[in-house]
Colleague: 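Dropping a structure here in structure tokens format, bear with me for questions.
Order of the sequence lines sets the chain letters (A, B, ...), proteins ahead of strands, with each chain counted from 1.
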Amino acid sequence: DSGVTQTPKHLITATGQRVTLRCSPRSGDLSVYWYQQSLDQGLQFLIHYYNGEERAKGNILERFSAQQFPDLHSELNLSSLELGDSALYFCASSVDIVTGELFFGEGSRLTVL
Amino acid sequence: GESVGLHLPTLSVQEGDNSIINCAYSNSASDYFIWYKQESGKGPQFIIDIRSNMDKRQGQRVTVLLNKTVKHLSLQIAATQPGDSAVYFCAENMGTSYGKLTFGQGTILTVHP
């Protein structure tokens, strides 16, 4: 158990819909990262938040947004969903920003029909 | 167009053998490298990291070797065990946000008892 909690574990929705994925980092970790894992693209970095502020962005679609709240939990919002958004979405946390030792949750599997 | 899934390299070894997993990284500006392990149904798990000012680093049963000249990284696992069966990813970073990782495609390691 990494100490990172993600909900929901599975989500099935239709094209055009909007979903929110939630992540609770390990106790004390200030950094939260979101990654997408798909069969054709592999593991891709989406976005990084540190103590409530956005610190880095990857190739995150404009339809996707994230935020980190004062209690350090984070949410990833995916809107106008397309079939190609079906993937595993991982949240990871770390204690600071000078390490690549990330603690990953078990992921949220999104299926868009 | 039709999407093509990643075809991951595979390595099959007998329990007790040593395993070597190779990775060619893409960016000559990368200065920090990490190996992760992902078991079925779980998130990636940190194994070991190495910075570009080193060419070798050892952990418990694992050794990472870095050859910057040819942009090559390897992970050696000593006395491989069935519990080591997983997908292994190398990841690189350019030292800005350290958790902003570019992952390789992965290698499937299967350990036979």
Colleague: Without swapping roles, check the side chain of A/Gln68 against the backbone of A/Glu54 for a donor-acceptor pair under 3.5 Å.
Modeller: no
Colleague: Just by distance, with hydrogens left out, do A/Arg22 and A/Ser24 show a side-chain donor and acceptor under 3.5 Å apart?
Modeller: yes
Colleague: Report the C-alpha distance between B/Ile77 and B/Ile47 in whole Å, list the side-chain angles of each, state the deciding distance to 0.1 Å, and finish with yes or no for side-chain contact (heavy atoms from CB on, under 4.5 Å).
Modeller: CA-CA 11 Å; B/Ile77 305 173; B/Ile47 301 173; over 6 Å; no
Colleague: With a 4.5 angstrom heavy-atom cut-off, is it the side chain or the backbone of B/Ile34 that approaches chain A, or both, or neither?
Modeller: side chain
Colleague: Name the region of B/Phe89, side chain, backbone, both or neither, that has any atom closer than 4.5 Å to a heavy atom of chain A.
Modeller: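 For B/Phe89, the side chain is the part near chain A, not the backbone.
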Colleague: For B/Thr63, check side-chain contact (heavy atoms from CB on, under 4.5 Å) against everything at least two apart and list the hits.
Modeller: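 Counting only residues at least two positions away or on another chain, B/Thr63 forms a side-chain contact (heavy atoms from CB on, under 4.5 Å) with B/Lys56, B/Gln58, B/Leu65, B/Gln76.
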Colleague: Which bit of A/Tyr35 is near chain B, if near means a heavy-atom gap under 4.5 Å: side chain, backbone, both or neither?
Modeller: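 Contact with chain B is through the side chain of A/Tyr35 alone.
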Colleague: Does a side chain donor of either A/Asn77 or A/Thr20 reach within less than 3.5 Å of an acceptor in the other side chain?
Modeller: yes
Colleague: At a heavy-atom separation under 4.5 Å, does B/Gln45 approach chain A through its side chain, its backbone, both, or neither?
Modeller: neither
Colleague: Between A/Gln37 and chain B, which part of the residue has a heavy atom less than 4.5 Å away: side chain, backbone, both or neither?
Modeller: side chain
Colleague: Side chain, backbone, both or neither: which part of A/Thr99 has an atom under 4.5 Å from a heavy atom of chain B?
Modeller: both
